[in-house]
Amino acid sequence: MAVNVPELGALAAAQAGLDLATGLVVADPGPRVAQVLGALLESVPVVLVGSAVRVPDRAVRRLRALMRRSGSVLLAQGGWPGAEVQLRVASAGWEGVGRGHGLLHGRRVTVTAGGRGAAARPRQTELWLPGPDGLVGVVEREAVEALVEERRVGLRVVR
């Protein structure tokens, strides 16, 4: 479920493994955004909310209680008041392009997670978004070293 996420493309969502037949997109929740989110959070396990959505503090507390009861999760782009966990892309770069030419193998990002309670200690990991196989996944150190070696093998001296 996605609420007010205009940049969410159906093709990209399908390629990321989302089942479009079971998804719902609310392009503009209108002035009753808190009620829309409440209804969705009672019905589905995961709801994605765009960065432009603003909810009053009183409604945020009600939504938090509703999520505890239902076991649902709210993923918010940007920030969300009182979020338990916050994810941030610390760095990102494309792999495979050398000196302005070549084929892209994948996009590596370093994601940092922190928050409250059990998530208070910051952690970070490297992810492929997407990887050499076109899928999202954790960057394995062996894969990184293989890419570096592949680049070296591909280089030759031209006189």
Side-chain angles (χ1 to χ4, degrees), residues 1-97 103-144 147:
M1 304 299 135
V3 177
N4 201 15
V5 187
E7 62 275 6
L8 179 65
L11 179 59
Q15 288 176 340
L18 297 176
D19 182 2
L20 299 181
T22 61
L24 173 69
V25 175
V26 179
D28 181 8
R32 295 184 174 212
V33 65
Q35 289 86 348
V36 170
L37 289 173
L40 290 172
L41 289 167
E42 286 181 324
S43 307
V44 298
V46 179
V47 175
L48 173 63
V49 178
S51 58
V53 170
R54 299 287 178 254
V55 177
D57 289 339
R58 188 177 75 240
V60 168
R61 288 191 296 274
R62 283 196 315 262
L63 291 172
R64 194 175 306 134
L66 190 147
M67 286 186 284
R68 276 194 299 274
R69 280 194 316 270
S70 67
S72 56
V73 174
L74 182 108
L75 298 174
Q77 289 181 322
W80 187 264
E84 296 289 326
V85 177
Q86 297 172 0
L87 300 176
R88 184 177 62 84
V89 175
S91 67
W94 289 98
E95 294 288 325
V97 176
L103 297 174
L104 293 174
H105 292 288
R107 181 170 173 84
R108 282 181 47 193
V109 299
T110 302
V111 176
T112 303
R116 303 179 339 179
R121 188 174 68 94
R123 298 177 186 181
Q124 82 176 31
T125 191
E126 286 187 294
L127 300 173
W128 288 113
L129 297 177
D133 56 2
L135 301 175
V136 173
V138 176
V139 173
E140 301 293 333
R141 284 289 154 206
E142 297 85 34
V144 172
L147 274 177

A side-chain contact here means heavy atoms from C-beta on lying under 4.5 Å apart; do [X] and [Y] qualify?
{"X": "Gln124", "Y": "Val111", "answer": "no"}
{"X": "Leu74", "Y": "Val49", "answer": "yes"}
{"X": "Val47", "Y": "Leu37", "answer": "yes"}
{"X": "Pro130", "Y": "Leu135", "answer": "no"}
{"X": "Leu129", "Y": "Val89", "answer": "no"}
{"X": "Thr125", "Y": "Arg123", "answer": "no"}
{"X": "Leu75", "Y": "Val46", "answer": "yes"}
{"X": "Leu127", "Y": "Val136", "answer": "no"}

To the closest 0.5 Å, what do you measure between [atom1] ([X]) and [atom2] ([Y])?
{"X": "Gln77", "Y": "Leu87", "atom1": "CD", "atom2": "CG", "result": "12.5 Å"}
{"X": "Asp133", "Y": "His105", "atom1": "CG", "atom2": "NE2", "result": "12.5 Å"}
{"X": "Arg64", "Y": "Glu84", "atom1": "CZ", "atom2": "CD", "result": "7.0 Å"}
{"X": "Arg62", "Y": "Met67", "atom1": "CZ", "atom2": "CE", "result": "12.5 Å"}

Task: Test log, rule side chain to side chain contact (heavy atoms under 4.5 Å, CB included), inputs Val3 and Val25 - done: CA-CA 6 Å; Val3 177; Val25 175; over 6 Å; no
So, for [X] and [Y], which heavy atoms are closest and what is the spacing to 0.1 Å?
{"X": "Gly38", "Y": "Leu66", "answer": "O-CD1, 3.8 Å"}
{"X": "Arg54", "Y": "Ser51", "answer": "NH1-O, 2.8 Å"}
{"X": "Gly79", "Y": "Ala76", "answer": "O-CB, 4.1 Å"}
{"X": "Thr112", "Y": "Ala90", "answer": "OG1-CB, 3.7 Å"}
{"X": "Asn4", "Y": "Ala27", "answer": "OD1-O, 3.3 Å"}
{"X": "Val36", "Y": "Pro29", "answer": "CG2-O, 3.9 Å"}

Open item on the list: Could you check whether any side-chain N or O of Ser70 sits under 3.5 Å from a backbone N or O of Leu41, counting only pairs where one atom can act as donor and the other as acceptor?
Closed with: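 Pair found, side chain donor or acceptor close to backbone of Leu41.
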- [ ] Look at the side chain of Arg58 and the backbone N and O of Val55, then say whether any donor-acceptor pair between them is shorter than 3.5 Å.
- [x]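 No, the answer is negative, given that no donor and acceptor are paired below the 3.5 Å cut-off.
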TODO: May I have the step-by-step check of side chain to side chain contact (heavy atoms under 4.5 Å, CB included) for Trp80 and Val60, ending in yes or no?
DONE: CA-CA 9 Å; Trp80 187 264; Val60 168; 3.9 Å; yes
Task: side chain to side chain contact (heavy atoms under 4.5 Å, CB included) between Arg108 and Trp128, intermediate numbers included - done: CA-CA 5 Å; Arg108 282 181 47 193; Trp128 288 113; 3.1 Å; yes
Open item on the list: Can you tell me if Arg116 has over 12 outside heavy atoms packed within less than 6.0 Å of its CZ?
Closed with: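 Above 12, so yes.
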TODO: Evaluate whether atom CG of Leu20 has more than 12 neighbouring non-hydrogen atoms of other residues, nucleotides or ligands under 6.0 angstrom away.
DONE: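 Yes, enclosed.
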TODO: List the steps and the verdict of side chain to side chain contact (heavy atoms under 4.5 Å, CB included) for Glu126 and Val109.
DONE: CA-CA 6 Å; Glu126 286 187 294; Val109 299; over 6 Å; no
